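Below you'll find the structure, written out as C-alpha cells, and then a few comments.
Remember, predicted model here, so these are calculated numbers, not experimental data.
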Amino acid sequence: MRKVFIVNDGGQDFSTAREFGELVTCTAGIIRKDRIDLMLSDLRLALKDSEPDDLILVSGLTSLCMVAAALMTEWHGKVNMLIWHERRYVARTIDLELL
C-alpha cells in the first residue's frame, strides 16, 4: 500500500489524507529549525523504506520539508507531495527524470 509520510505532526487532523495511503509520521512536535543535521538524520530513518510512489505530506518547517523532498528525490528521482489547498489535499509530483 502507498504510504503518506507526514513530515511533522504538530497535532493537526490528517485523517483526510488517508485516501492517498497509509499515514506514517516522520517527526512530531517542535523541531529546532537550526538543526538541519538532526532533521536529516531523523528523516533518513523515517523515510528509509519509502517507495517511488509514496507521498510527502507537506507540514511543519519549510526546511524540514525541503530535506524530506531532497531525500525522496535523490532516492527515487522524484518527489510526490500532498499539499493542503482549498480545504482538501491535492497530490503534486516533481519528477526530475522528465526535466
According to the side chain to side chain donor-acceptor pair (under 3.5 Å) rule, which pairs have a member within residues 51-74, sequence neighbours left out?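 Qualifying pairs: D53-K78.
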
Does anything in residues 5-14 pair up under side chain to side chain donor-acceptor pair (under 3.5 Å), and if so which pairs, sequence neighbours excluded?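 Side chain to side chain donor-acceptor pair (under 3.5 Å) check on residues 5-14 returns N8-T27, D13-S15.
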
Output the rest of the hydrophobic cluster of M1: all Ile, Leu, Val, Met, Phe, Trp and Tyr residues reachable through side-chain heavy-atom contacts under 4.5 Å, sorted by chain and number.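 Grouped by the 4.5 Å side-chain rule, M1 forms a cluster of one, so the answer is none.
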
Under a 4.5 Å side-chain heavy-atom rule over Ile, Leu, Val, Met, Phe, Trp and Tyr, are V7 and V4 clustered together?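 V7 and V4: separate clusters.
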
Carefully, step by step, assess I94 and N80 under the rule side chain to side chain contact (heavy atoms under 4.5 Å, CB included). CA-CA 7 Å; I94 299 172; N80 304 303; over 6 Å; no

All salt bridge (charged side-chain N to carboxylate O under 4.0 Å, His left out) counterparts of K33, not counting sequence neighbours: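 Counting only residues at least two positions away or on another chain, K33 forms no salt bridge (charged side-chain N to carboxylate O under 4.0 Å, His left out).
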
Give the minimum heavy-atom separation between V79 and A69, together with the two atoms involved.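 Residues V79 and A69, closest heavy atoms: CG2-CA, 4.0 Å.
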
Which residues pass the side chain to side chain contact (heavy atoms under 4.5 Å, CB included) test with R32, sequence neighbours left out?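 With sequence neighbours excluded, R32 shows a side chain to side chain contact (heavy atoms under 4.5 Å, CB included) to D34, R35, given in chain and number order.
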
From CG (L23) to CG (L57), nearest 0.5 Å: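 Output value for this atom pair is 8.0 Å.
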
Just grab all the ring-ring contact (aromatic ring centres under 6.0 Å, His included) pairs involving residues 4-49, residues at least two apart or on different chains.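 Qualifying pairs: none.
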
Only pairs at least two apart or in different chains count here, so list each ring-ring contact (aromatic ring centres under 6.0 Å, His included) that has a residue in residues 59-90.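 Listed once each, the pairs are W84-Y89.
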
Give every residue pair that meets the salt bridge (Lys or Arg N to Asp or Glu O under 4.0 Å) criterion with at least one member in residues 17-26, sequence neighbours excluded.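 Applying salt bridge (Lys or Arg N to Asp or Glu O under 4.0 Å) to every pair that reaches into residues 17-26, excluding sequence neighbours, yields nothing.
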
